[in-house]
Amino acid sequence: MCQIARCCPRDLGWPFSTWSLSKLAEVLRTNGIAELSRETVRQILEAGGVSWRATKTWKASNDSDFQAKMARVLDLYDHPPADGRVICVDEFGPLNLQRPGLRGRLQNPPTGLPSEHCLTRH
């Protein structure tokens, strides 16, 4: 179920692009996999580490072997090796990087030398 939930429904032949708990429960029922309530589906997904949030963006791959590669990776998530570790690397790239020090900067920094500024009580 977790592997199905991690896939785009259109890639599996369904006429919609995002999952809802109801749609996933219906797909499971239609395919004879299981008859589960929405709440049971939610609990199973949560236990399987599948977060259930609205998709903000969706990126598709142009790699012809993408589906096979994705299935291997998702299977590794669902069945990690007993004698090893699974290490995930985010390859999102420079859009995900933040320049250091931007959080602490003032929106309108004071002009002049730092020694010219002090706190005063009124």
Task: Side-chain (Thr40) to main-chain (Leu36) donor-acceptor, under 3.5 angstrom - done: no

Open item on the list: Suppose we screen for side chain to side chain donor-acceptor pair (under 3.5 Å). Which residues come up paired with Asp83, at least two apart in sequence or across chains?
Closed with: none

Open item on the list: Using the salt bridge (charged side-chain N to carboxylate O under 4.0 Å, His left out) criterion, which residues pair with Lys23? Sequence neighbours excluded.
Closed with: none

TODO: Take atom CZ of Arg38 as the centre, draw a 6.0 Å sphere, and report whether it contains more than 12 heavy atoms from other residues, nucleotides or ligands.
DONE: no

Task: Flag side-chain contact, heavy atom, 4.5 Å: Ile33 against Val27 - done: no

Open item on the list: Can you pull out every salt bridge (Lys or Arg N to Asp or Glu O under 4.0 Å) where at least one residue sits in residues 71-80? Sequence neighbours excluded, please.
Closed with: Arg6-Asp78

Open item on the list: Could you check whether any side-chain heavy atom of Cys2 comes within less than 4.5 Å of a side-chain heavy atom of Leu45, counting everything from C-beta outward?
Closed with: yes

TODO: Determine yes or no for a side-chain-to-main-chain donor-acceptor pair under 3.5 angstrom, with Trp19 supplying the side chain and Ile4 the backbone.
DONE: yes

Open item on the list: As an exercise, state the distance from OG1 of Thr30 to CD of Glu35, rounded to the nearest 0.5 Å.
Closed with: 9.5 Å

TODO: Determine whether Cys7 and Met70 make a side-chain contact, defined as any pair of heavy atoms from C-beta on separated by less than 4.5 Å.
DONE: yes

Task: Over all atoms of both residues, closest heavy-atom pair of Thr18 and Pro9 - done: C-CG, 3.8 Å

Open item on the list: I need the Leu74 CG to Lys69 NZ distance, nearest 0.5 Å.
Closed with: 14.0 Å

- [ ] Calculate, to the nearest 0.5 Å, the distance between atoms CZ and CG belonging to Arg29 and Leu24 respectively.
- [x] 10.5 Å

Open item on the list: For Asp65, give me all partners under salt bridge (charged side-chain N to carboxylate O under 4.0 Å, His left out), at least two apart in sequence or on another chain.
Closed with: none

Open item on the list: Tell me which pairs pass salt bridge (Lys or Arg N to Asp or Glu O under 4.0 Å) where either residue lies in residues 12-22, with sequence neighbours left out.
Closed with: none

Task: Heavy-atom pair with the smallest gap, counting every atom of Cys8 and Ser17 - done: SG-O, 3.8 Å

Task: With Arg10 via side chain to side chain donor-acceptor pair (under 3.5 Å) - residues at least two apart - done: none

